[in-house]
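Below is one structure, written out as structure tokens; the observations come after it.
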Amino acid sequence: MTAESQKNERYNAREAEARWQKAWDSQAIFATKNDDPRPKYYVLEMFPYPSGRIHMGHVRNYTMGDVVARFKRAMGHSVLHPMGWDAFGMPAENAAIDRKVHPKEWTYANIAAMKKQLQSMGLSLDWAREVATCDPSYYKHQQRMFLDFLKAGLVKREYRKVNWDPVDQTVLANEQVIDGRGWRSGAVVEQRDLYQWVFKISDYSEELLSALDTLDRWPEKVRLMQKNWIGRSEGLLVRFMLDTATTPNEETELEIFTTRPDTLFGAKFMAIAPDHPLAQAAAAKDAKLAAFIEECKRIGTSQEAIDTAEKMGFDTGIRALHPFDANWKLPVYVANFILMDYGTGAIFGCPAHDQRDLDFVNKYGLGNTPVVCPEGQDPATFVVTDVAYDGDGRMINSRFLDGMSIAQAKEEVAKRLENSFLPPLGKGRSAAEGRRVGISGDDRSPPQPSPFQGEGAQAPAQASNNAPVAQRQVNYRLRDWGISRQRYWGCPIPVIHCEKCGVVPAPLADLPVKLPDDVTFDKPGNPLDRHPTWKNVKCPRCSGAARRETDTMDTFVDSSWYFARFTDPWNEASPTTPAVANRWLPVDQYIGGIEHAILHLLYSRFFTRAMKKTGHLNIDEPFAGLFTQGMVVHETYRTQKGEWVEPANVKIETVGEARRATLAATGEPVEIGSIEKMSKSKKNTVDPDDIIAAYGADTARWFMLSDSPPDRDVIWTEEGVQGAWRFVQRLWRLIGEIGTVEAPTERPAQFSEAALAIRKAAHKALANVSDDIGKLRFNRCVAHIYECANALSDGIGAVESAPSPDLAWALRESGDILVRLFHPMMPHLAEECWAALGHKTLVATEAWPALEAALLVEDTITLPVQINGRKRADVTVPRDAGKADIEAAVLALDTVQKALDGKSPKKVIVVPQRIVNVVA
RNA sequence: GCGGACGUGGCGGAAUGGUAGACGCAACGGACUUAAAAUCCGUUGGGAGUAAUCCCGUCUGGGUUCGAGUCCCAGCGUCCGCACCA
């Protein structure tokens with residue numbers, strides 16, 4: 001083909017892409033061997049839920065991963081780049097209910113459809129390692145690990161509050177409860193206590209927190225979100241004696257948690273959660289209190305109510321004794337803002353230094369006494385009215401703490417209370433039975449003097465051999481991970497309940513505990529629960545009548561270890577082959593959405609630790625590098641009637657600066673709305689299939705990488721796609737023309753100025769793209785490739801007007817470089833161009849071009865010259881010119897002479913290779 | 001409320017404290033064409049000037065520096081996360 005004839009032709013992306021995909025496939029070039037001795041690189045994108053169709057977010061995510069995979073391969077790594085399916089979950093069951101399709105059938109059909117779509121993108125995936133979490137060959141190992149975790153003490157059963165939908169007879173996740181009603185049934189959601197299987201992630205709170213510091217290739221934002229989620233706080237557990245004359249069942253004490261023990265002398269009240277045992281006990285004898293507690297529970301469901309709820313309390317009549325003064329009695333309130341889940345579910349309130357407590361006392365007229373005085377304030381006049389003071393300062397109104405700093409006061413209180421003692425709790429008399437932590441009461445140091453000593457106060461009941469009044473404690477916000485779901489389409493929890501033997505693990509030989517296929521969804525509730533032949537089994541231990549656990553696992557469990565399974569998905573005996581997993585892991589680059597910043601990533605980090613403990617792998621962290629990509633967003637359109645319109649049905653015209661939209665079919669005017677995340681409800685989606693059919697996968701891939709930094713949202717526009725498509729065509733023509741240039745096979749000894757310019761442009765692009773791909777700055781890679789292509793276009797012009805062997809050789813060399821540079825982003829086009837340049841190999845298996853660093857160094861450099869910080873001139877000097885030479889050259893410039901007006905400069909700053917600044 | 005990020009042409013965005021606006025999109029002018037599309041060439045932050053040139057300009061106001069889009073302080077605005085966590 002001649003250059004002339006190719007100019008008039010077009011690159012047929014559709015035909016070429018299918019052809020090259022077939023070529024890659026037939027040579028299995030993306031299949032990765034576990035015994036490959038080259039340095040390993042594991043790149044992984046978050047695997048998709050098989051909804052049935054990929055969306056543009058997938059295109060962006062998987063393109064980024066593919067660029068990294070192809071680049072690392074060219075750099076000589078053995079690259080693991082697998083793909084699978086997060087295939088369990090509710091949509092399959094919804095489809096079963098709505099459309100009478102079996103979840104399994106629906107899921108596998110979706111997988112087949114989506115796989116085809118992904119394959120049309122030309123991703124360099126090792127499909128031989130494909131896994132689907134709903135497949136028994138996958139969840140079998142998950143069940144095995146559940147049993148291993150159970151044995152290792154990482155799993156427990158716990159009575160927990162859950163959102164219960166009485167119509168659908170199922171537990172709802174928090175996000176499925178909308179305004180206190182079930183999202184599907186619309187029924188008012190109840191709080192129910194159910195036995196739940198729980199992974200003890202909180203055993204690792206400290207470890208998961210401190211190890212965040214080692215994740216230096218994670219976004220700071222994600223680490224911070226996890227840190228806040230884990231929510232470490234240091235404080236003191238303090239036992240307050242109760243006035244038994246006021247307690248319902250002669251309870252003797254109330255244990256609280258505080259991070260501000262320094263403010264103990266500012267205490268005005270105690271508050272306990274509505275579901276605190278002491279509140280329950282008091283409510284049993286006080287109908288008004290019981291009614292108040294009911295009221296709190298009702299408000300407690302919807303998020304909005306919690307946001308706006310006023311502080312409410314109810315005085316139980318119970319009185320607590322101040323730990324430093326038994327004569328100081330504090331009222332015990334039940335309050336709606338106290339959480340049973342955190343600390344001990346009880347607090348002491350110091351209104352002057354805590355806004356919530358201040359709001360509370362202001363409502364109930366309990367007053368406040370400031371005990372911390374800000375520096376520079378007169379303690380005699382310092383008062384708090386509406387805004388609590390939580391800053392630094394000196395202790396006041398606090399007896400023996402007066403004058404201390406907050407830190408000193410905290411330490412002093414802790415020391416005194418740790419070393420004073422109260423009788424150990426009598427059974428059944430604790431105000432917070434079961435919520436006390438770590439106070440054993442025995443084998444402790446001998447009794448110490450009471451803290452009341454020397455304060456002139458009377459001590460409450462003294463006893464020897466007692467437990468300390470207070471104990472330092474670290475608290476975490478992170479709660480254990482409840483994994484029980486009352487659903488069919490999930491991994492069965494492999495245990496059996498026997499009346500005699502209790503909870504019995506399913507024998508390993510019986511794994512997988514398979515989901516039965518013969519289920520119906522015509523009735524609400526979990527089909528497993530009403531499947532007698534599946535549910536009723538013999539106890540493996542006593543052979544008596546028993547029943548299977550009918551709950552299945554949270555789908556976050558499935559995705560907490562898939563990255564490990566990919567390392568050896570062929571192992572039928574175990575979840576992993578530890579030696580193989582340890583070699584591949586951690587994932588070097590993980591790419592996915594920010595929406596998984598907390599749960600998925602935290603669960604996976606926990607799972608990695610649990611798998612290490614149970615011998616399935618031996619690494620510390622699953623993901624060494626994490627990248628969170630932005631969303632794909634699009635303009636919205638709606639008719640004057642307010643109906644949303646798909647972009648495909650809208651015609652946009654530009655009249656001068658203004659853009660006008662009409663309905664393509666009828667010409668009816670359409671309003672252009674805000675740019676938002678692509679969503680079905682606003683119909684502002686673009687179907688990847690349509691784009692690939694119209695422009696090809698390379699165009700879609702290129703556009704997804706252009707312009708916007710990859711961690712930010714990218715706006716999908718028709719103009720943008722067309723720009724990308726034009727560039728695809730332009731590259732094809734450009735390389736086609738270079739392919740027809742007659743060039744010597746031997747490298748010329750000398751290069752003309754024009755040839756050197758081309759070579760410099762190509763090698764500069766090579767250096768820049770190499771650097772930017774490694775840092776995932778794809779938008780900058782795109783810019784460098786544009787620049788390189790522009791330079792080569794100029795080169796074509798030069799060789800046409802004045803052909804010469806060195807110029808021709810430089811063009812061929814630069815063409816070879818350019819094709820390999822854009823190959824990771826547009827692999828099909830790159831293969832087509834590689835062939836056009838006369839190569840017989842696949843560019844996908846080619847090495848990354850070698851950089852000739854000498855070409856990046858100029859013989860002379862042009863430095864900007866500033867006068868008083870403003871650029872006024874340029875000066876060109878030899879590369880190795882000394883500071884004095886540069887200064888002399890600068891001072892000789894006309895512009896500088898004029899500015900100095902005969903005077904000598906105050907100062908001349910020469911920054912080598914950078915800039916010169918003359919201070920006049 | 002707490003925590004975090006960000007703020008640059010008409011738009012998306014470049015810019016180790018060192019020439020602000022790379023690269024792309026859009027727009028405008030021109031070439032080719034019977035015409036259009038495609039393609040190619042050129043212009044494009046604002047203002048003044050015939051011109052060389054000059055002045056202004058990175059949300060606002062201060063500061064540090066020879067030099068600030070970049071660092072510090074205060075304010076305004078947008079976005080995100082958590083949300084009564086004691």
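Here is the naming used below: chain letters follow the sequence lines, and residue numbers restart at 1 for every chain.
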Toward the 5' end of RNA chain B, by each residue's nearest nucleotide, A/D794 or A/D874 | A/D874

Proximity to the side chain of A/F337 - top-ranked nucleotide from B/C84, B/A26, B/A14 | B/C84

Using the P atom on both, measure B/G3 against B/G63 and round to a whole Å.
-> 28 Å

Which nucleotide, in any strand shown, forms a Watson-Crick or G-U wobble pair with B/A52, with both distances under 3.5 Å?
-> none

Base-pairing mate for B/A31 - Watson-Crick or G-U, with both contacts under 3.5 Å = B/U39

From the options B/U19, B/G13, B/G12, select the nucleotide whose nearest atom is closest to the side chain of A/I715.
-> B/G12

Which part of the nucleic acid, if any, lies within contact of A/L224, taking any heavy atom under 4.0 Å across all strands shown: a base, the sugar-phosphate backbone alone, or nothing?
-> sugar-phosphate

For B/A5, which nucleotide in any strand shown is its Watson-Crick or wobble partner with both distances under 3.5 Å?
-> B/U78

So among A/D354, A/D357, A/L358, which one has a side chain to side chain contact (heavy atoms under 4.5 Å, CB included) with A/N368?
-> A/L358

Selected nucleotide, minimal atom distance to A/N336 side chain, candidates B/C82, B/A14, B/C84 = B/C84

Should the ring pair A/Y342 and A/F257 be called parallel, tilted or perpendicular, given that the plane angle runs from 0 to 90° and is split at 30 and 60?
-> perpendicular

How close or far is atom P of B/A5 from atom CD of A/E220, stated in whole angstroms?
-> 8 Å

Among B/A86, B/G24, B/G13, the nucleotide that comes nearest once only the side chain of A/S708 is considered = B/G13

State which of B/C25, B/C80, B/A83 makes the closest approach to the side chain of A/W229.
-> B/A83

A/R730 atom CZ is separated from B/U39 atom P, nearest whole Å, by 10 Å

So which nucleotide does B/A22 pair with, by the Watson-Crick or G-U wobble rule with both distances under 3.5 Å?
-> none

Going by the angle between their ring planes, with limits at 30° and 60°, are A/H353 and A/Y389 parallel, tilted or perpendicular?
-> perpendicular

When you get a sec, tell me which of B/G13, B/G18, B/A83 is the closest nucleotide to the side chain of A/R914?
-> B/G18

note: A/M704, atom CE; B/G24, atom C1'; distance rounded to Å ~ 14 Å

Just how far, in rounded Å, is P of B/A38 from CG of A/L734?
-> 20 Å

Ring center gap for A/F348 and A/F269 short of 6.0 angstrom = no

Out of B/C84, B/A86, B/C25, whichever nucleotide has its closest atom nearest the side chain of A/T258 = B/A86

A/K907 or A/Y786, whichever maps to the more 5' nucleotide of RNA chain B | A/Y786

Starting at NZ of A/K311 and ending at P of B/G1, how long is that distance when rounded to a whole Å?
-> 13 Å

Aromatic plane relationship, A/H600 with A/H596 - under 30° parallel, 30 to 60° tilted, over 60° perpendicular | perpendicular

Would you mind telling me which of B/U39, B/A86, B/C66 lies closest to the side-chain atoms of A/V919?
-> B/C66

Just checking A/I338: base, sugar-phosphate only, or nothing, at a heavy-atom cut-off of under 4.0 Å?
-> base

Answer whether the closest heavy-atom distance between the side chains of A/V875 and A/L893 falls below 4.5 Å.
-> yes

Which part of the nucleic acid does A/D359 contact within heavy-atom distance under 4.0 Å: base, sugar-phosphate only, or nothing?
-> nothing

Side-chain donor/acceptor of A/R872 to base of B/U53, under 3.5 Å = no

How about A/W702 and A/F822: are their ring centres within less than 6.0 Å of each other?
-> no

With a 4.0 Å cut-off on heavy atoms, is A/T717 in touch with a base, just the backbone sugar-phosphate, or nothing at all?
-> nothing

Protein-nucleotide distance (A/E787, atom CD; B/G21, atom P), rounded to Å = 13 Å

Measure the distance from CG on A/D713 to C1' on B/C80 and round it to the nearest whole Å.
-> 11 Å

Can you find an N or O donor on one side and an acceptor on the other, under 3.5 Å apart, linking the side chain of A/K906 with the base of B/C66?
-> no

So which nucleotide does B/U58 pair with, by the Watson-Crick or G-U wobble rule with both distances under 3.5 Å?
-> none

To the nearest Å, how far apart are A/N917 CG and B/U19 P?
-> 11 Å

